[in-house]
Amino acid sequence: MLRLFDTAARDLVEFVPRVEGSVSMYVCGPTPYDHPHVGHGRTVVVFDVVRRYLAWRGYRVTFVSNVTDVEDRIIARAAERGLTEPQLARAFEAEHWEQMDRLGVARPDETPHATEFVPQMLALIGELIAQGRAYVIEGSGVYFQVDTLASYGKLSGRTLEQLLDSAGARIDIDDEKRSPVDFALWKAAKPGEPAWDSPWGRGRPGWHIECSAMSLEILGEGFDIHGGGDDLVFPHHENEIAQAEGAGHVFAHYWLHSGMVMVAGEKMSKSLGNFTTLRAALNAHGPRAFRWLVIRNHYRRQMEINDGALRAAAKEIDGFDALARRARVAGIAAVAPSDLDAFRAVMDDDFDTPAAVAVIHGWRREANAAIDAAQLDVAAARLADVQAALGALGVVVDDVGAPADAPADGGDAAVDTAVAARNAARARKDFAEADRLRDELKAQGVELEDTPQGTIWRRT
RNA sequence: GGCGGCGUAGCCGAGUGGUUCAGGCAAGGGCCUGCAAAGCCCCGUACACGGGUUCGAUUCCCGUCGCCGCCUCCA
């Protein structure tokens with residue numbers, strides 16, 4: 001039985017999909033107005049792991065993740081840079097996919113762009129007006145009237161009264177809105193802004209409407225899982241629910257939220273300016289170290305991502321590579337995994353990847369010990385378990401090190417020659433010469449290992 | 001002010017009412033090796049603080065302190 005922590009229920013609940021054997025999930029994707037940072041990287045990896053695990057567990061997964069390519073921040077940033085909104089959005093979206101590819105994040109089955117779903121949004125807004133849950137302010141836009149929906153606040157655990165209490169202090173009160181907590185579904189166009197025709201005048205969508213419209217359009221009524229970063233619970237996801245259910249639709253059944261990335265104890269955010277770009281982090285320590293660090297932490301907890309943590313994660317990955325390497329050298333053949341129950345049990349418990357890490361490390365040690373003891377059949381079985389579990393988490397193990405992390409620059413033949421020369425020196429007990437050659441190679445980024453089956457090398 | 005989360009050995013980080021326990025990284029000892037590297041073995045009685053419940057609490061309850069998130073754009 002797979003259990004997950006549903007934000008709306010505020011508890012662990014059994015996962016029962018809408019259609020047996022299938023999972024439909026929607027995860028809020030980027031608003032591409034700036035470089036992706038490591039916080040985005042974490043969220044995307046978290047849901048990639050969820051997706052992969054569900055698929056590994058036998059579900060047919062339909063994974064949708066949007067791009068909100070029309071939004072206030074894009075308009076503002078494009079104006080600053082003297083670019084058109086599409087130019088800016090496309091450039092940052094391209095960077096987003098580039099980094100996700102490096103991380104081994106599987107592309108979504110569908111990637112709806114807000115600008116391509118304006119008709120669906122207009123239809124949803126029309127339904128809300130027809131239901132009496134939205135109103136028009138001439139020259140300003142269309143607003144959702146929060147007090148028409150008794151259940152408003154159910155996801156984030158707030159009441160209308162609580163929201164109104166804090167609204168006075170926190171929200172700029174727009175005199176025209178019927179209530180400060182009402183939010184925009186459609187914003188009237190200002191000169192020079194991107195705009196579409198609508199029954200309520202030219203304008204553009206409000207921030208939340210695109211996700212309601214696109215998720216329902218693509219995945220249909222009552223789709224299974226909606227995910228995103230923790231900071232989207234309110235107002236974004238709360239408002240998505242209001243828009244969908246206010247118009248009479250059945251929205252997502254389960255809500256998954258991933259914890260924030262912290263920097264020295266503070267949330268990483270663009271407004272604080274304390275962010276590390278994803279590109280820089282991946283360049284410094286490699287994408288596998290990043291993914292592993294994310295996996296080492298439970299997805300709902302806040303976590304720190306920094307150089308020290310990434311370095312430690314990289315070392316663990318090295319250990320898996322080393323196992324694959326010595327398995328190859330020992331001539332171990334691939335076999336089917338045999339004992340994945342422990343892995344499945346912890347993963348079924350709200351995707352407890354840190355516990356899964358412990359399980360995998362146990363197998364790694366057993367595999368190594370079996371190689372030491374020349375019990376190759378045992379080693380092969382444990383190795384298969386390690387690789388199967390890592391594969392379910394999207395972690396690639398490479399027995400020659402990580403070419404994606406450290407691009408080979410050729411020169412293999414020269415290395416082989418040097419290795420042969422060193423072994424010749426060793427054979428005649430000229431260890432000074434042997435060590436000199438080894439040091440020379442090390443200076444070139446090549447490390448040697450002498451094994452019972454001969455010397456192997458890898459680039460560091 | 002409202003809602004929520006967290007405080008676990010040097011660091012990171014799971015978990016549980018009770019004989020042995022996460023796991024990783026770092027440090028130390030040993031085996032292996034010409035020396036290394038890789039690997040294996042050994043080694044740390046930690047659970048913020050104060051009460052309470054209990055035969056017994058790190059784990060349950062209450063309180064205190066500290067940190068963090070959301071309530072505003074935010075992954």
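Numbered from 1 within each chain, the chains take letters A, B, ... in sequence-line order.
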Exercise. Between B:C40 and A:Arg364, is there an OP1 or OP2 to side-chain N/O distance shorter than 4.0 Å?
Worked result: yes

Seminar exercise, completed: Rounded to whole Å, the CG-C1' distance (A:Leu441 to B:A37) equals 13 Å

For this session: Identify the nucleotide, in any strand shown, that forms a Watson-Crick or G-U wobble pair with B:G44, with both distances under 3.5 Å; if there is none, say none.
Result: none

Problem set entry | Whole-Å P distance, B:U64 and B:U45 | 34 Å

For this session: Just compare B:A75, B:G39, B:G13 and give me whichever is closest to any side-chain atom of A:Ala322.
Result: B:G39

Exercise. Is any side-chain N or O of A:Lys267 closer than 4.0 Å to OP1 or OP2 of B:A75?
Worked result: no

Seminar exercise, completed: For A:Ser65 and A:Cys28, the nearest pair of non-hydrogen atoms, with its separation, is OG-C, 4.2 Å

For this session: Write down the distance separating the C1' atoms in B:C43 and B:G29, rounded off to the nearest Å.
Result: 8 Å

Problem set entry | Under-3.5 Å donor-acceptor pair between A:Asp352 side chain and B:G15 base | no

Problem set entry | Distance between P atoms of B:A57 and B:G2 (Å, rounded) | 33 Å

For this session: Just call it for A:Ala309: base, sugar-phosphate, or nothing, with non-hydrogen atoms closer than 4.0 Å on any strand.
Result: nothing

Exercise. Tell me: NE2 of A:His237 to P of B:C71, nearest whole Å?
Worked result: 13 Å

Exercise. What nucleotide, of B:A75, B:G34, B:G13, holds the atom closest to the side chain of A:Ala434?
Worked result: B:G34

Exercise. What is the nucleic acid contact for A:Gly39, judged by heavy atoms within less than 4.0 Å: base, sugar-phosphate only, or nothing?
Worked result: base

Exercise. Within the structure shown, what part of the strands sits under 4.0 Å from A:Glu316 by heavy-atom distance: base, sugar-phosphate, or nothing?
Worked result: sugar-phosphate

For this session: Using atom NZ of A:Lys442 as one end and atom C1' of B:C35 as the other, report the distance to the nearest whole Å.
Result: 13 Å

For this session: Taking only the side-chain heavy atoms of A:Asn368 (C-beta and beyond), determine which of B:G34, B:C40, B:G69 contains the nearest atom.
Result: B:C40

Problem set entry | Span that lies between the C1' atom of B:U19 and that of B:C11, in whole angstrom | 30 Å

Exercise. Expressed as a whole number of Å, how far does the C1' atom of B:G4 sit from that of B:A9?
Worked result: 28 Å

For this session: Classify the nucleic acid contact of A:Arg73 as base, sugar-phosphate or nothing, counting any heavy atom under 4.0 Å across all strands shown.
Result: sugar-phosphate

For this session: Measure from CD on A:Glu80 to C1' on B:C73 and round the result to the nearest Å.
Result: 14 Å

For this session: For A:Val261, report the nucleic acid contact type (base, sugar-phosphate, nothing); a contact means any heavy atom under 4.0 Å.
Result: base

Problem set entry | Atom-pair distance (CZ on A:Arg422; P on B:A37), nearest Å | 12 Å

Exercise. Given B:C71, B:A38, B:G13, which nucleotide is nearest the side-chain atoms of A:Pro235?
Worked result: B:C71

For this session: Would you classify A:Phe431 as touching base, sugar-phosphate or nothing, given that sugar-phosphate means primed atoms plus P, OP1 and OP2, and contacts are heavy atoms under 4.0 Å?
Result: base

Seminar exercise, completed: Among B:A75, B:G34, B:G39, the one nearest any side-chain atom of A:His37 is B:A75

Exercise. Relative to the 5' end of RNA chain B, which residue comes earlier, A:Phe320 or A:Ala355, by the nucleotide with the nearest heavy atom?
Worked result: A:Ala355

For this session: May I ask you to verify whether the side chain of A:Asp450 and the base of B:C32 hold a donor-acceptor pair under 3.5 Å?
Result: no

For this session: Have a look at A:Arg158 and say if it touches a base, only the backbone sugar-phosphate, or nothing, with a 4.0 Å heavy-atom cut-off.
Result: base

Exercise. Angle class for the A:Phe351/A:Tyr53 ring planes (parallel below 30°, perpendicular above 60°, tilted otherwise)?
Worked result: perpendicular

For this session: In whole angstrom, give me the gap between the C1' atoms of B:A22 and B:C47.
Result: 13 Å

For this session: Pick base, sugar-phosphate or nothing for A:Leu448, based on heavy-atom distances below 4.0 Å to the nucleic acid.
Result: base

Exercise. Does A:Lys315 make a side-chain N or O approach to OP1 or OP2 of B:A26 shorter than 4.0 Å?
Worked result: yes

Exercise. Where do A:Val70 and A:Ile74 come nearest, in terms of heavy atoms and distance?
Worked result: N-CD1, 3.9 Å

Exercise. Can you tell if the side chain of A:Asp231 reaches within under 4.5 Å of the side chain of A:Lys267, non-hydrogen atoms only?
Worked result: yes

Seminar exercise, completed: Mate of B:A14 across any strand shown (Watson-Crick or G-U wobble, both atom pairs under 3.5 Å) is none

For this session: Establish, yes or no, whether a centroid distance under 6.0 Å links the rings of A:Trp292 and A:Phe320.
Result: yes

For this session: Provide, to the nearest angstrom, the distance between the CG atom belonging to A:Asp231 and the C1' atom belonging to B:G4.
Result: 14 Å

Exercise. Given that A:Gly362 and A:Asp435 both sit by RNA chain B, which one's nearest nucleotide is further toward the 5' end?
Worked result: A:Gly362

Exercise. Which part of the nucleic acid, if any, lies within contact of A:Met262, taking any heavy atom under 4.0 Å across all strands shown: a base, the sugar-phosphate backbone alone, or nothing?
Worked result: sugar-phosphate

Exercise. Reckon A:His40 has a side-chain N or O less than 4.0 Å from the OP1 or OP2 of B:A75?
Worked result: yes

Problem set entry | Within 45° cone of A:Phe234 ring axis and under 6.0 Å: A:Arg158 NZ or CZ | yes

Seminar exercise, completed: Among B:A38, B:C68, B:G34, the one nearest any side-chain atom of A:Gln302 is B:C68

Exercise. Within the structure, does a side-chain N or O atom of A:Arg365 lie under 4.0 Å from either OP1 or OP2 of B:A38?
Worked result: no

For this session: Sort out the partner of B:A22 for me: Watson-Crick or G-U wobble, both distances under 3.5 Å, none otherwise.
Result: none

Problem set entry | A:Ser156 side chain to A:Glu238 side chain, donor-acceptor N/O pair below 3.5 angstrom | yes

Exercise. Rounded to whole angstroms, how far apart are CD1 on A:Ile305 and C1' on B:G13?
Worked result: 14 Å

For this session: Check the pair A:Asp435 / A:Lys442 against salt bridge (Lys or Arg N to Asp or Glu O under 4.0 Å), numbers first and verdict last.
Result: CA-CA 10 Å; A:Asp435 291 351; A:Lys442 184 159 189 180; over 6 Å; no

For this session: Would you mind pulling out the nucleotide paired to B:C60, Watson-Crick or G-U wobble, both distances under 3.5 Å?
Result: B:G52

Exercise. Among B:A14, B:C25, B:G39, which nucleotide sits nearest the side chain of A:Pro354?
Worked result: B:A14

Problem set entry | Between P of B:C71 and NE2 of A:His257, the distance in whole Å | 13 Å

Exercise. Any side-chain heavy atom of A:Phe5 within less than 4.5 Å of one from A:Trp255?
Worked result: no

For this session: Find the partner of B:C67: check Watson-Crick (N1-N3 plus N6-O4 or O6-N4) and G-U wobble (N1-O2, O6-N3) distances, both under 3.5 Å, and reply none if neither fits.
Result: B:G5

For this session: Classify the side chain of A:Arg438 versus the base of B:C35 as yes if they form a donor-acceptor pair under 3.5 Å and no if they do not.
Result: yes

For this session: Please check the phosphate of B:A14 (OP1 and OP2 only) for any side-chain N or O of A:Arg301 closer than 4.0 Å.
Result: yes

For this session: Check every atom of B:G2, B:G39, B:A22 against the side chain of A:Gln162 and return the nucleotide holding the closest atom.
Result: B:G2

